[in-house]
Amino acid sequence: MIYCILGQTASGKTSLALKLAREFHVPIISADAYQCYKIMQVGTDKPSKEEIQGIEYYFYDEYEPDEEVSVYDFQQECRPIIERYLKENKDIIVVGGNFLYVKALLFNYVFQKEDEKRKSPYEDMPLEEMQSLLKERSIETYHSIDHQNPRRVIRALIQLDEGTNHQDIKNQNDGKPIYPVKFFRLDVDKEEGNKKIDKRIDLMVKQGLIEEVTSLYQKYPENSRPFTTIGYIEIIQALKANQQVDKSVIDLIKIHTHQYAKKQRTFLRHQFEDIQSGSKDEIYKILKNELEKR
């Protein structure tokens, strides 16, 4: 059985997965777009090597920051892992806040065919300009995607160019899971969740977030995929403008993370049928009981 632990950012889903994995010797797949990259320890808030020691932990710390790793790559890498464990009648935990990755892994997710050799006309366009263009062409698509992520905006504009849109792709991929899976959602009050987010970001700054981003930005190309994630993009924009990375930049990271958490909560309310929800402690007790029985 696959046990899929979902929740908004800073809900405690990774620490819960690690606790269960250690108690019951269950492997983990990280459904996260950025924790698969090396070096990016602080900005992705991924568990340390010490925290995962002794646990089979997949899609973690594998790629260089300038490597292009997509949701399709994630699907192709991790489905065989799932199938191997299921064939051996073993349980596995999938955990993460990137629900597109979860859908691509566990559902009959069909990818739109793209011409990888063709350079997009939007590649060199500033994010604000792309956002304005997407608003003009499809306000529904603008609000349904993470429009702070340049690659998501580029993909949406390309889809519109080709006569389709984000909703068409979602409809094409609707369906039932293709594996035996149970979904669990960690519920966090909005205000409490935002406080946890702010506390986490303050801790990340103390742990060296600004220094990490600055070092990576000096070493890797500006269009590297990891630089599109919240926390990196705001600091890089300040560095490009020769501005000091001060409290206003950190506050902007918090605002964007609050907005992302809101999208996560909305997505979780509508995208996973038969999902069991509760506090971190409640979900732990349910999963502990499930794993003990098996």
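Since this is a predicted model, take the numbers as computed values, not measurements.
Between Phe227 and Val213, every side-chain heavy-atom pair lies at or beyond the 4.5 Å cut-off. At least one side-chain heavy atom of Lys240 sits under 4.5 Å from a side-chain heavy atom of Glu222. Using a 4.5 Å heavy-atom threshold, the side chains of Lys49 and Tyr57 count as separate. Taking the side chain as every heavy atom from C-beta outward, Pro47 and Leu18 approach each other to under 4.5 Å. Using a 4.5 Å heavy-atom threshold, the side chains of Tyr37 and Arg225 count as touching.
In plain terms, the two heavy atoms of Ala33 and Asn98 that are nearest each other are CB-ND2, 3.6 Å.
Using a distance-only test at 3.5 Å, with no hydrogens or angles considered, a donor-acceptor pair links the side chain of Glu212 to the main chain of Val42. A donor-acceptor contact shorter than 3.5 Å links the side chain of Ser15 to the backbone of Gly12. Side chain of Asp91 to main chain of Met1: a donor-acceptor pair is present (N/O by atom type, distance under 3.5 Å, no hydrogens or angles). The closest donor-acceptor contact from the side chain of Arg79 to the backbone of Ala104 lies under 3.5 Å. For Glu234 (side chain) and Gly231 (main-chain N/O), a donor-acceptor pair under 3.5 Å exists by modelled atom type.
No donor-acceptor contact under 3.5 angstrom links the side chains of Asp281 and Ser279, judged on distance only. Thr9 and Lys196 share no donor-acceptor pair across their side chains, judged by distance under 3.5 Å alone. With 3.5 Å as the limit, one finds no donor-acceptor pair spanning the side chains of Gln237 and Tyr232. Looking at Tyr122 and Asp161, their side chains do bring a donor and an acceptor atom within 3.5 Å of each other. Side chains of Tyr142 and Glu136: a donor-acceptor N/O pair is absent below 3.5 angstrom, by distance only. A donor-acceptor contact under 3.5 angstrom links the side chains of Glu83 and Tyr179, judged on distance only. Side-chain atoms of Ser70 and Asp73 form a donor-acceptor pair, as typed in the model, at a separation below 3.5 Å.
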Checklist entry - Is there a side chain to side chain donor-acceptor pair (under 3.5 Å) between Tyr220 and Glu67 once you walk through the steps? => result CA-CA 10 Å; Tyr220 293 98; Glu67 290 185 80; over 6 Å; no

Item to check | Stepwise side-chain contact (heavy atoms from CB on, under 4.5 Å) check, Ile82 with Leu106 | outcome: CA-CA 9 Å; Ile82 281 180; Leu106 302 177; 3.7 Å; yes

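By the 30° and 60° cut-offs, the orientation of the rings of Phe99 relative to Phe272 is perpendicular.
Seen from the ring of Tyr34, Lys46 does not count as a face-on cation partner, given the 6.0 Å and 45° thresholds. Both tests do not hold together for Lys19 against Phe24: distance to the six-membered ring centre under 6.0 Å, angle to the ring axis within 45°. Geometrically, Lys103 engages Phe107 in a cation-pi contact defined by less than 6.0 Å to the ring centre and at most 45° from the axis.
Under a cut-off of 6.0 angstrom, the local environment of CD in Glu292 is crowded, with over 12 non-hydrogen atoms contributed by other residues, nucleotides or ligands.
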